[in-house]
Amino acid sequence: MNRMFGDRKLGARSVDEITGSRRLRRMRKADWSRRLVQENRLSVDDLIWPIFVIEGENRREEIAAMPGVYRLTLDLAVKEVEEAAKLGIPAIATFPNIALERRDETGSHILDADNILNKASRAIRDAVPEIGIITDAALDPFTSHGHDGILRDGIIVNDETVAQIAEAAVLQAANGADVVAPSDMMDGRVGAIRDALDANGFQDVAIMSYATKFASAFYGPYREAVGTAGLLKGDKKTYYIDHANSDEAVREAEQDLAEGADMIMVKPGLPYLDIIRRLKDEFAVPTFAYQVSGEYAMIKAAGANGWIDAEKAMHESLLCLKRAGCDGILTYFAPDVARLLKAD
Ligand code: PBG
């Protein structure tokens, strides 16, 4: 029988006939029922906070493309990390901006026990022993050309880079890193780092591999932060994954796990939710995403223009990364979102 709604005719069947009386809106009708059926939650325990460190004292440098993010001297960085630990953030990830005169063709300053990255680990380990320290084992902040590997005759040479990164990883472990995170995408670096760590008594130091790092335009603001933007010639397509590829990402993750990675990461985050889900389903290992600088900048910029609610977009983007299968997320929003979660 036809039903009439005011002047409008619904059609041959009523909604209850169409849906078989199944109405998914029932459980969405109130806050209490929405909370009850919520499948994924964002917690402070999911957060890793990337920070930028520089030499000197009492200096906080703005990064134009990352409003609210600063390069910090260690005295200030330690205070902020203390604050992060108080908020309950489990771990930080440190990235250095190295003075230009210390950068060279091979990134040799990464092998200096007193480079700012190692000094940061020592200072943070001392002052905030409860927080996890993740160090970036990659050459790009240290090379005069901004590439993640040693550049010879226009080629990023794999094996020589791997040897240097493995040595740097041991130095990072010796200076207090709990987790070493190679972000360079050279072949064989995870296995070489594992061997080197074990040979030097650092069996307890874990490896978070940037297993699937894609050649991406979303890294732009980070390159301003670490000062590689003006140096980088060409692109990183000979070592990062083509962002058109997904099977290749599975192979990369599989390889890194076989070589001894304890945790894998997908980078960037939001445009790569399908990769996160594939890896989580395929390997069932601790899986992370890096919500990168460009993702941060987009949310901040649109928020500053009044085009979106930046706080809500921040929360939504992180929760969606969890829904896709992440156990945790590296995000520049970490302290902001930790405060927001605390206020809830
Ligand atoms: C390079 C590195 C990159 C990022 C961290 N380490 C990418 C790059 O410069 O090519 C990006 C982080 C971000 O965009 O937030 N080893």
Side-chain angles (χ1 to χ4, degrees), residues 47-53 63-71 92-98 103 107 109-110 115-117 120 134-151 156 158 161-162 164-165 168-169 172 179-186 189-190 193 207-243 252 256 265-272 288-301 314 317-318 321 329-334:
L47 304 173
I48 298 170
W49 186 30
I51 61 168
F52 298 107
V53 290
I63 302 159
M66 301 179 77
V69 177
Y70 303 89
R71 299 182 203 94
I92 52 139
T94 48
F95 295 92
N97 184 309
I98 304 290
R103 303 188 196 204
H109 187 53
I110 198 172
N115 69 35
I116 188 70
L117 208 52
I134 303 173
T135 49
D136 181 42
L139 298 184
D140 59 294
F142 299 96
T143 55
S144 48
H145 43 73
H147 278 291
D148 298 27
I150 295 170
L151 182 65
I156 303 297
N158 191 88
T161 302
V162 167
Q164 181 151 319
I165 287 173
Q172 291 176 0
V179 177
V180 172
S183 66
D184 57 291
M185 294 300 286
M186 297 300 119
R189 88 275 199 226
V190 171
I193 290 173
I207 299 174
M208 172 184 270
S209 87
Y210 287 67
T212 69
K213 184 167 184 180
F214 292 86
S216 170
F218 290 97
Y219 306 144
Y222 165 91
R223 292 182 187 166
E224 181 200 336
V226 298
T228 56
L231 302 176
L232 191 65
K233 291 197 183 60
D235 55 43
K236 301 191 176 184
K237 288 182 183 166
T238 68
Y239 46 106
Y240 292 176
I241 306 173
D242 184 338
H243 49 250
E252 275 287 359
D256 284 5
M265 186 210 295
V266 175
K267 179 181 180 182
L270 217 52
Y272 296 85
F288 293 79
Y290 198 143
Q291 181 182 54
V292 298
S293 57
E295 298 175 72
Y296 174 86
M298 287 196 301
I299 292 174
K300 279 289 193 183
M314 160 183 85
S317 60
L318 294 168
L321 287 162
I329 302 140
L330 290 94
T331 175
Y332 301 101
F333 286 121

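Please read these numbers as outputs of a predicted model, since none were measured by experiment. Ligands are counted one by one from 1 in listed order, and the atoms in each one are counted from 1 as well. Each residue takes its place number in the sequence, starting with 1. Hydrogens, waters and symmetry mates are skipped; everything else that's a heavy atom, side chains included, is used.
Counted by atom type alone, Tyr240 and Lys213 present one or more donor-acceptor pairs between their side chains at under 3.5 Å. Between the side chains of Ser183 and Asp136, at least one donor N or O sits under 3.5 Å from an acceptor N or O. No side-chain donor from either of Ser317 and Glu295 sits under 3.5 Å from a side-chain acceptor of the other.
The residues lining ligand 1, counting any heavy atom closer than 4.0 Å, are Ala138, Asp140, Asp148, Ser183, Lys213, Phe218, Tyr219, Tyr222, Arg223, Lys236, Tyr240, Lys267, Tyr290, Val292, Ser293, Tyr332.
Atoms CD1 and CG, from Ile207 and Asp256 in turn, are 9.0 Å apart once rounded to the nearest 0.5 Å.
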For this session: Determine, step by step, whether Val226 and Phe142 satisfy the side-chain contact (heavy atoms from CB on, under 4.5 Å) criterion, reporting the C-alpha distance in whole Å, the side-chain angles of both residues, the deciding distance to 0.1 Å, and the verdict.
Result: CA-CA 10 Å; Val226 298; Phe142 299 96; over 6 Å; no
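A pairwise comparison of heavy atoms in Met208 and Pro182 identifies O-CD, 3.3 Å as the closest pair.
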